[in-house]
Amino acid sequence: MPRHAITIRGLTKAFGRNAVLRGVDLDLPAGQVTVLMGANGAGKSTLVKALCGVHRADGGEILLDGAAFAPPGPAAALRAGVVTVHQSINDGVVPDLDVASNLLLDELADGRTLFLNARRMRDEACRIAAAVGLDIDVTRKVAGLPLADRQLVAIARAMARRPKLLILDEPTSSLSLAEAQRLFALIDRLRADGVAILYISHRMSDIRRLADRIVAMRDGQVSGLFEGGSLDYAGAIRAMLGHAITEVDITIPPPGPVVLEVAGLQLKPDARPFDLRLHAGEVVAVTGLVGSGKSALAGVLFGLDRPVAGRIVLDGRPHAPADPGRAVAAGVFLAAKDRLANAVIPGFDIQRNLTLPFTPRHAGPLGLMRRASERAQALRSIRDMGVVCQGLRDGILTLSGGNQQKVVVGRWLAEASRLLILDEPFQGVDIQARQDIGRRIRDSAAGRATLVMCAELDEALEVADRILVMSEHTIVGDHRNEAIDLTRLMAQVAGSMDGMREPA
Amino acid sequence: MTPPSITDLAIRYGFLVLMAGLIIVFSMLRPAFLSPQSAVFILQSVAITGILALGVTATLVVDGFDLSIGAVATSALMLSAYVMVIWEMGAVAAVVLCLLMGAGVGLINGLLIVKMRVPDLLATLGMMFLLVGLQRIPTQGNSISTGMVLPDGSAAEGTFAPGFLMLGRHRIDFVIEDLVPLSVVFLIVIAVLTWVFLELTRHGRVMYAIGSNAQAAALAGINVGRYRIAAYMISGVMASIGGILLAARLGRGDVASGNNLLLDSVAAALIGFAVLGAARPNAFGTAIGALFVGILLQGLTMLNAPYYTQDFIKGAVLVVALVFTFALSGRVGRARA
């Protein structure tokens with residue numbers, strides 16, 4: 001029986017009426033890597049924030065080495081031995097200082113010494129760096145280091161505190177394979193030193209390499225714990241995504257003519273090229289883990305990114321938009337994911353949010369807006385989408401999340417498109433809004449090709465005629481949404497079947 | 001609908017009530033304050049800063065800031081004097097060259113900010129220093145006036161064209177003879193045009209969208225960079241119009257004038273945030289803000305308040321206006337956070 005560095009029992013946390021953690025029970029044994037998986041909104045980040053002192057839990061308890069642990073703030077959590085390295089690497093380092101100052105930053109912030117002794121600092125910093133196998137000149141500025149070295153600096157700084165628990169949040173998301181290998185070697189050493197490690201990631205290659213145990217979270221609870229000799233990766237993914245579909249009422253229409261044809265598309269330098277055909281009238285869902293390339297595909301089609309290689313043909317003409325404006329002009333629309341950052345105009349009312357992409361349609365001579373035309377369009381959109389609101393002129397932020405989402409999806413349904421891409425259109429919406437949005441997407445699908453990116457499998461099964469699976473920035477599965485072999489699909493999501501190439 | 005609370009009313013009408021109160025107090029203390037001549041004097045004093053403030057409003061709308069407007073205005077002042085006095089060209093040439101200079105400076109500001117990714121405050125601050133120096137180089141730091149001695153020893157023989165001077169000095173008969181200065185007419189026309197552009201056209205709409213969430217605007221297919229550059233060009237052109245009017249009023253290229261232009265016009269635009277509880281840059285608010293500053297200063301002048309108290313009071317009013325905008329209408333601020 002391994003010693004548990006952290007024991008969590010019945011942890012709850014709610015924001016307003018929104019319960020995010022609903023009784024989490026979890027043990028993190030010392031000297032083991034526990035991988036935490038969970039879709040967006042499953043409660044992973046809230047759990048991490050409760051552990052590192054950013055949030056205080058509403059109920060339940062956390063024991064650190066057997067003693068009650070309720071840090072009032074991040075600094076207290078750090079002193080108690082819980083160290084977090086965040087996904088955004090620059091949160092963990094001060095780019096304008098040299099490596100030595102960064103490594104000793106916590107000591108500097110404590111402020112016990114007034115004057116700095118450069119030589120003593122350098123020696124101390126070298127000792128800390130050596131302890132994690134970081135071999136760099138400590139007088140260099142952090143801003144001049146590659147990303148991976150910055151991350152090692154952040155980790156080394158954390159390790160100087162002899163932590164009991166190290167939390168790594170998607171640490172490899174911006175690292176190359178070689179850089180990731182260096183990180184893994186470090187994690188191996190820390191594990192051998194008896195540090196409990198909580199590793200949050202969706203990269204199956206990372207998980208296979210590191211995991212002693214896998215914990216899956218779903219809807220604010222632990223939905224699966226996998227440990228032992230051979231880990232059940234597909235089982236972990238099933239526990240994370242769930243597929244409690246009771247009724248899927250999809251009638252697959254006969255496919256229309258080909259709208260979009262993609263040949264040899266390569267999204268990343270080390271990704272396998274793939275082909276893709278989308279037909280008029282069909283709704284195609286793309287599923288896959290976070291970071292599997294769904295948004296990268298959407299970005300290439302919408303003119304946000306350039307592909308490494310490949311040819312895209314839209315209605316018989318080459319399609320290589322230089323920017324979103326040109327993509328829209330070519331009839332390719334994208335309802336972006338993460339609506340607050342990418343879609344909502346907080347200063348605008350509902351009507352103006354609805355008509356934003358197509359203002360020329362409602363503008364007369366000299367660009368003067370025609371109120372009646374704009375209002376009529378907004379009313380149509382609200383009716384079609386079933387937006388529940390008091391009036392068109394209310395601020396967009398007065399709406400619930402689901403209704404906001406209906407507005408930002410509805411704005412792209414106002415005009416006919418050739419290809420409509422919806423990136424995570426069901427993100428952060430309630431079940432009613434999810435069904436309304438899904439129905440509207442299907443009802444309006446005739447005449448265009450529709451691509452819906454969704455990490456949650458339930459959502460893909462609810463909305464699509466066809467489901468594509470992406471993994472490692474390529475398409476690894478193509479299923480007609482009729483009597484789907486879910487086990488096979490899950491395995492493809494995990495990237496372990498069909499002779500799929502493993503990353504080096 | 002719930003009835004509006006006292007706070008809502010204060011946010012919406014507080015500033016207008018304050019302005020009405022000021023007018024009442026001043027006219028009780030000095031009855032001459034209410035005369036048409038006094039009203040026209042106020043308008044004339046705010047005409048130039050008002051026009052500059054409307055330009056800076058355009059940059060505030062796209063979530064930018066233009067600190068170079070004061071320097072653009074004084075550059076236009078010096079340029080128009082140089083064109084007419086030293087090159088001995090006419091009024092049309094002077095006006096056209098000044099407008100082109102303003103548009104060019106705006107374009108460079110915009111390119112620095114959009115293409116070179118220099119933060120807006122720094123880019124326009126740098127441009128301000130550059131222009132303040134540049135405008136003095138051709139005359140080696142001297143003011144420009146007819147008869148001045150040129151570097152080659154000869155005297156400058158050109159004069160300000162009468163048509164040019166009219167822009168700043170002519171008064172139109174309106175009820176009373178010779179009442180309304182032409183510059184006030186320019187202010188009103190420009191204010192109305194700016195309001196129409198920002199509130200009623202799709203371009204204004206799109207600029208507000210950029211200011212509220214540039215990322216979302218870009219993902220809606222809007223060319224964010226082009227609109228940002230256009231906003232700085234509008235600001236530059238407006239500032240050069242202000243400079244032309246200043247030159248026409250002074251009748252000479254005075255290197256020392258226009259020191260307060262930047263602060264006064266930025267104050268007017270920021271006070272505009274608070275008018276009618278808009279909590280965002282807007283043309284109507286900016287015009288009212290400029291008027292407010294004008295009324296305050298005219299009243300204080302008529303009460304014989306010393307000049308240094310005027311700057312103090314201007315600053316205090318600006319701080320109060322910013323509190324109105326950001327603290328009292330905190331719902332807006334929180335929603336954005």
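- Minimum interatomic distance between A:Arg352 and B:Glu199 (heavy atoms only, all atoms of both residues): NH2-O, 4.4 Å.
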Solution key, residues 111-127 of chain B side-chain donor-acceptor pairs under 3.5 Å, sequence neighbours excluded:
from: B:Thr124; atom 1: OG1; to: B:Leu67; atom 2: N; distance (Å): 3.1
from: B:Thr124; atom 1: OG1; to: B:Asp120; atom 2: O; distance (Å): 2.9
from: B:Thr124; atom 1: OG1; to: B:Leu121; atom 2: O; distance (Å): 3.4

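- B:Ala209 approaches A:Leu356 most closely through the heavy-atom pair CB-CD1, 3.6 Å.
- Panel note: side chain A:Asn342, backbone B:Gln215; no donor-acceptor pair is recorded below 3.5 Å.
- Interface summary for chain B: among A:Pro360, A:Ala335, A:Pro357, A:Ala363, the most heavy-atom pairs under 4.5 angstrom belong to A:Pro360.
- Interface residue B:Ala218: only backbone heavy atoms are found under 4.5 Å from chain A.
- Applying a 4.5 Å heavy-atom cutoff, the residues of residues 366-374 of chain A that approach chain B are A:Leu366, A:Gly367, A:Leu368, A:Met369, A:Arg371, A:Glu374.
- Shown here for A:Ile345 and B:Ala216, the closest heavy-atom pair between the two residues is CD1-CB, 3.9 Å.
- In terms of heavy atoms, A:Gly347 sits closest to B:Ser212 at N-OG, 2.8 Å.
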Could you please spell out the steps behind the side-chain contact (heavy atoms from CB on, under 4.5 Å) verdict for A:Phe302 and B:Leu219? CA-CA 9 Å; A:Phe302 194 57; B:Leu219 286 171; 4.2 Å; yes

Please walk me through it: do A:Thr359 and B:Ile222 pass side-chain contact (heavy atoms from CB on, under 4.5 Å)? CA-CA 10 Å; A:Thr359 50; B:Ile222 292 163; over 6 Å; no

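- B:Thr57 meets the side-chain hydrogen bond (donor to acceptor under 3.5 Å, both in side chains) test with B:Thr286; sequence neighbours excluded.
- Contacts of B:Tyr208 with chain A are made by both backbone and side-chain atoms, with heavy-atom separations under 4.5 Å.
- Proximity to chain B at a heavy-atom threshold of 4.5 Å picks out A:Trp412 from residues 398-422 of chain A, in numerical order.
- Only the side chain of A:Ala336 comes within contact range of chain B, with heavy atoms under 4.5 Å apart.
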